[in-house]
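These notes concern the structure reproduced below.
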4 protein chains.
Amino acid sequence: MTKKREIQSSVKDESLIEKRREQMIRGAVTLFKEKGFHRTTTREIAKAAGFSIGTLYEYIRTKEDVLYLVCDSIYDEVNMRLGRLDLEKGSIESLVKALEQYYTLIDEMQDEFVVMYQESKSLPKDALRYVLTKEMEMTKLFERLLANCVASGELSLKPKEIVLASHHLFVQGQMWAFRRWAMNDYTIQEFIEMQTKFLLQGMAGEKITIQGA
Amino acid sequence: MTKKREIQSSVKDESLIEKRREQMIRGAVTLFKEKGFHRTTTREIAKAAGFSIGTLYEYIRTKEDVLYLVCDSIYDEVNMRLGRLDLEKGSIESLVKALEQYYTLIDEMQDEFVVMYQESKSLPKDALRYVLTKEMEMTKLFERLLANCVASGELSLKPKEIVLASHHLFVQGQMWAFRRWAMNDYTIQEFIEMQTKFLLQGMAGEKITIQGA
Amino acid sequence: MTKKREIQSSVKDESLIEKRREQMIRGAVTLFKEKGFHRTTTREIAKAAGFSIGTLYEYIRTKEDVLYLVCDSIYDEVNMRLGRLDLEKGSIESLVKALEQYYTLIDEMQDEFVVMYQESKSLPKDALRYVLTKEMEMTKLFERLLANCVASGELSLKPKEIVLASHHLFVQGQMWAFRRWAMNDYTIQEFIEMQTKFLLQGMAGEKITIQGA
Amino acid sequence: MTKKREIQSSVKDESLIEKRREQMIRGAVTLFKEKGFHRTTTREIAKAAGFSIGTLYEYIRTKEDVLYLVCDSIYDEVNMRLGRLDLEKGSIESLVKALEQYYTLIDEMQDEFVVMYQESKSLPKDALRYVLTKEMEMTKLFERLLANCVASGELSLKPKEIVLASHHLFVQGQMWAFRRWAMNDYTIQEFIEMQTKFLLQGMAGEKITIQGA
DNA sequence: CATGAATGAGACTTCATTCAT
DNA sequence: GATGAATGAAGTCTCATTCAT
């Protein structure tokens, strides 16, 4: 796992730091979603977090730190929630489960995902690198799942196809967050079912009956 | 076709307006790609366009106008290049052609696409609406293609599946522009072939031999 | 002569730059004298110069630039006014003239000198180096005068004494500016006469009749 | 002797006050020397003193108090060290001794002197007055020495010359602290000898052999 | 039509000081 | 007495926009 970038704080009490940063992340996500990183002022972030501008800067050093904290916390939650997946089973069934988990996650953290992908380009260089690494770790997760399915013979994909397919799965999830304005006719359940069908068929090359669809 | 938003200019000569705006769009795309809309200053845009800040403001009224002009010009080019497609044929073959055209287009206009999707959220409300409309028109294009394939019996999709699938096709194209950092191992040709295979199989549910693959 | 540090300006018209900078130097000197560099705000400088804060920053990049400009302009004036001195004559008489010129200069530019010496420590590193160089050039001027007097036999000083003596002369001039609060009982004429007497006797080691004393 | 300005403290224990203030003066001098009064933060002072910002404010009321305390403690030490001088003797010899003491003092307290003269302008009005008074007391010390030499016939100076000469002596000492960057070629011993020679000759008007030179 | 100097609102950030623990 | 988290006034600097030339 990549090591976290440390964000300096002039406050010493670690648990307080965590608490305050959580407050400010929560406020920031809402604001960034609404107006974007650049149109959001540090004062607004402080206010949304429930403390003064001075206090905000006790816990970060620059506005970009807030963005980094937001992105980082999203990955933490993603990791936590996707961490339970059994990657090793190598069955289509577990792949389906993973997709379901992933799409559900995106549905529940829609705002966070949109913010992260829209604004991460505003991160300072090294923070951007860190975030990209995290992103690759997520894609790798799908790669492992697919590779195991291939190993167990449940899928038949060339190595290069595995990689591309993992991006493919990944990106279809983002769609639910980014093109929500076009998804009004679908429930998340429908979306998951239909996407899963498309994706599995795409890779399998034959009709497959999906459990629960 | 949706009517264009008019951008006010204090210059009368229409052909001059067009020329100047083209200059400034070309400069702006490069800059926006590099630093994003917010980090790019109007002075920089003017300079990149080859004229003074004063002149810039003879042809637009606000900085956001530049962004709109950029987005609009991208759609114009997309339209022009995708306009030749024969949507009515209703064959898998024409669908494959369309995908090829579309992915090639994205490859060639990568910067423009990235800018448009990254920055369009900064457009004023009505411009955003206009851009979204344009976007929907593009998706509809795939919908028509798919619907015709269904009508001709070459594909079998429920109406709701057609809509989702068209987004599916659409989004996979964006991937080439947005996840380029992860696509170094693929040529655009490989990418097109593999994606086409995944997508068609996903919709068809059977192995399909793609011409040229 | 040491090459000037260039201060960036986004304005192109060189003569305008000169004019505006002169305005701002004039205002800044008064303010710095009154409240010191740090207690003076950029807004105050702009106001004193007669234009807006935005305009101020068209002609400089940082507040420290103003300080540098102040120091530089002082040296320019000093150079201009001391430049006429005949350094080569090697007579006590010309040394006396030089002291008179120098002390008169300090009297007339008292505020400027105080500001320069009090605040130059706030200059950025390279500007500070530049200012120190200028300062050394001034001391060197006295060194040359003294060396010539030694060469012509009018004074008898060892090399090391020449150097120290030149600082000695230099520093006694600063006194008129810096300890003005203790100099109320003296006119500048008296001051010059008495100092000249002290200094020359100090170096000559005998009673000397000074012309005009 | 001028009465000290009282600096309020919310702590009662006088010996503790003294101890804490000494700690903070020591830290502050270093910091002020390095970065100047304005660029030094109260937090830094507290840290350098070895306690917290809260504690710092138990012993002073404003940041300027620290500067005053620094200046005051310097004068205390100066007084202590120069207090032993025999001012009444009225001999050149005792004058030479005094100069030696004074220049040695400046050499040993170089940082302190620089800080005091560079930063005292930032003192609040009444503190500034107090410091100036102290300064005048020091000059008066030289005045007394000179006057006694005149009285005893060892020097021949008019009253007004005595005053100016005392400033002259005083300022030459500051030179060692302020122009240290130009004094690398001299040891403090050389400096004292040469300066003493210049100064005495300046006042005496004849060659004088200095004991120990 | 073209230019570019001028403007000032507003952004980010610092830091002296307070006060509850 | 000691601590350090909280505060917010105030400072520096940027940049979209205007308008006289």
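A, B, ... follow the sequence lines: proteins, then strands. Residue 1 opens every chain.
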(request) Would you indicate whether the side-chain heavy atoms of D:I17 and D:E14 approach each other to under 4.5 Å? (result) yes
(request) Measure from CZ on D:R21 to C1' on F:dA2 and round the result to the nearest Å. (result) 17 Å
(request) Send over the distance from A:L56 CG to E:dC12 C1', rounded to a whole Å. (result) 11 Å
(request) Measure from CD1 on C:I60 to C1' on E:dA5 and round the result to the nearest Å. (result) 16 Å
(request) Please round to the nearest 0.5 Å and tell me the distance separating atom CD1 of B:I53 and atom OG1 of B:T42. (result) 3.5 Å
(request) From the options C:R21, C:R20, C:R26, select the one residue that forms a side chain to side chain donor-acceptor pair (under 3.5 Å) with C:Q23. (result) C:R20
(message) I want to verify a distance call: between F:dT17, E:dT7, E:dT13, whose nearest atom is closest to the C:S52 side chain?
(response) E:dT7
(request) Take atom CD of D:E64 and atom P of E:dA16, then tell me their distance rounded to the nearest Å. (result) 11 Å
(request) Start with the C-alpha gap between B:I7 and B:Y59, add the side-chain angles, then the distance that decides, and say whether side-chain contact (heavy atoms from CB on, under 4.5 Å) holds. (result) CA-CA 8 Å; B:I7 300 297; B:Y59 296 92; over 6 Å; no
(request) Would you kindly give the OH-to-P distance between B:Y59 and F:dT17, to the nearest whole Å? (result) 18 Å
(message) For the residue pair C:R5 and C:Y68, would you count it as a cation-pi contact if the rule is NZ or CZ under 6.0 angstrom from the ring centre and within 45 degrees of the ring axis?
(response) yes
(request) Between F:dG1, E:dT7, E:dA5, spot the one nearest the side chain of C:K12, thanks. (result) E:dA5
(message) For Watson-Crick and G-U wobble pairs within 3.5 Å on both distances, what is DNA chain E written in dot-bracket notation, | included for inter-strand pairing?
(response) .||||||||||||||||||||
(message) Check whether B:S9 reaches the backbone of B:E58 with its side chain - one donor and one acceptor, N or O, closer than 3.5 Å.
(response) yes
(message) Could you go through D:V70 and D:E119, starting from their C-alpha distance and side-chain angles, then the distance that decides it, and tell me whether this counts as side-chain contact (heavy atoms from CB on, under 4.5 Å)?
(response) CA-CA 10 Å; D:V70 165; D:E119 309 296 351; over 6 Å; no
(request) Could you work out which one of E:dA5, E:dC1, F:dT12 sits closest to the side chain of C:K63? (result) F:dT12
(request) Report the distance from atom CD of B:E14 to atom C1' of E:dC1, rounded to the nearest whole Å. (result) 15 Å
(request) Report the nucleotide, chosen from E:dA5, F:dA6, E:dC1, that has the shortest atom-to-atom distance to any side-chain atom of A:L16. (result) F:dA6
(request) Starting from the C-alpha separation in whole Å, work towards a yes-or-no answer on side-chain contact (heavy atoms from CB on, under 4.5 Å) for D:D65 and D:T62. (result) CA-CA 5 Å; D:D65 283 349; D:T62 71; 3.7 Å; yes
(message) Both B:T62 and A:F51 contact DNA chain F. Taking the nearest nucleotide for each, which residue is further toward the 5' end?
(response) A:F51
(request) Give a yes/no verdict on a cation-pi contact between B:K63 and B:F37, requiring under 6.0 Å between NZ or CZ and the six-membered ring centre and an angle within 45° of the axis. (result) yes
Between the protein and nucleotides 18-21 of chain E, list every N/O to N/O distance that falls short of 3.5 Å.
none

(request) For B:S10, report the nucleic acid contact type (base, sugar-phosphate, nothing); a contact means any heavy atom under 4.0 Å. (result) nothing
(request) Would you indicate, yes or no, if E:dA6 has its OP1 or OP2 atom less than 4.0 angstrom from a side-chain nitrogen or oxygen of C:T55? (result) no
(message) If you take any heavy atom closer than 4.0 Å to DNA chain F, which residues from residues 31-47 of chain B end up in contact?
(response) B:T40, B:T41, B:T42, B:R43
(request) Please round to the nearest 0.5 Å and tell me the distance separating atom NZ of A:K35 and atom OG of B:S122. (result) 12.5 Å
(message) Let's see if you can work this out: which of F:dA2, F:dA6, E:dA6 has an atom nearest to the side-chain heavy atoms of C:R20?
(response) E:dA6
(request) Measure up the A:H38 and B:H38 rings against each other and bin them: parallel (under 30°), tilted (30 to 60°), perpendicular (over 60°). (result) parallel
(request) Mind checking the CE-CD1 spacing from C:M116 to C:I74? Nearest 0.5 Å is all I need. (result) 5.0 Å
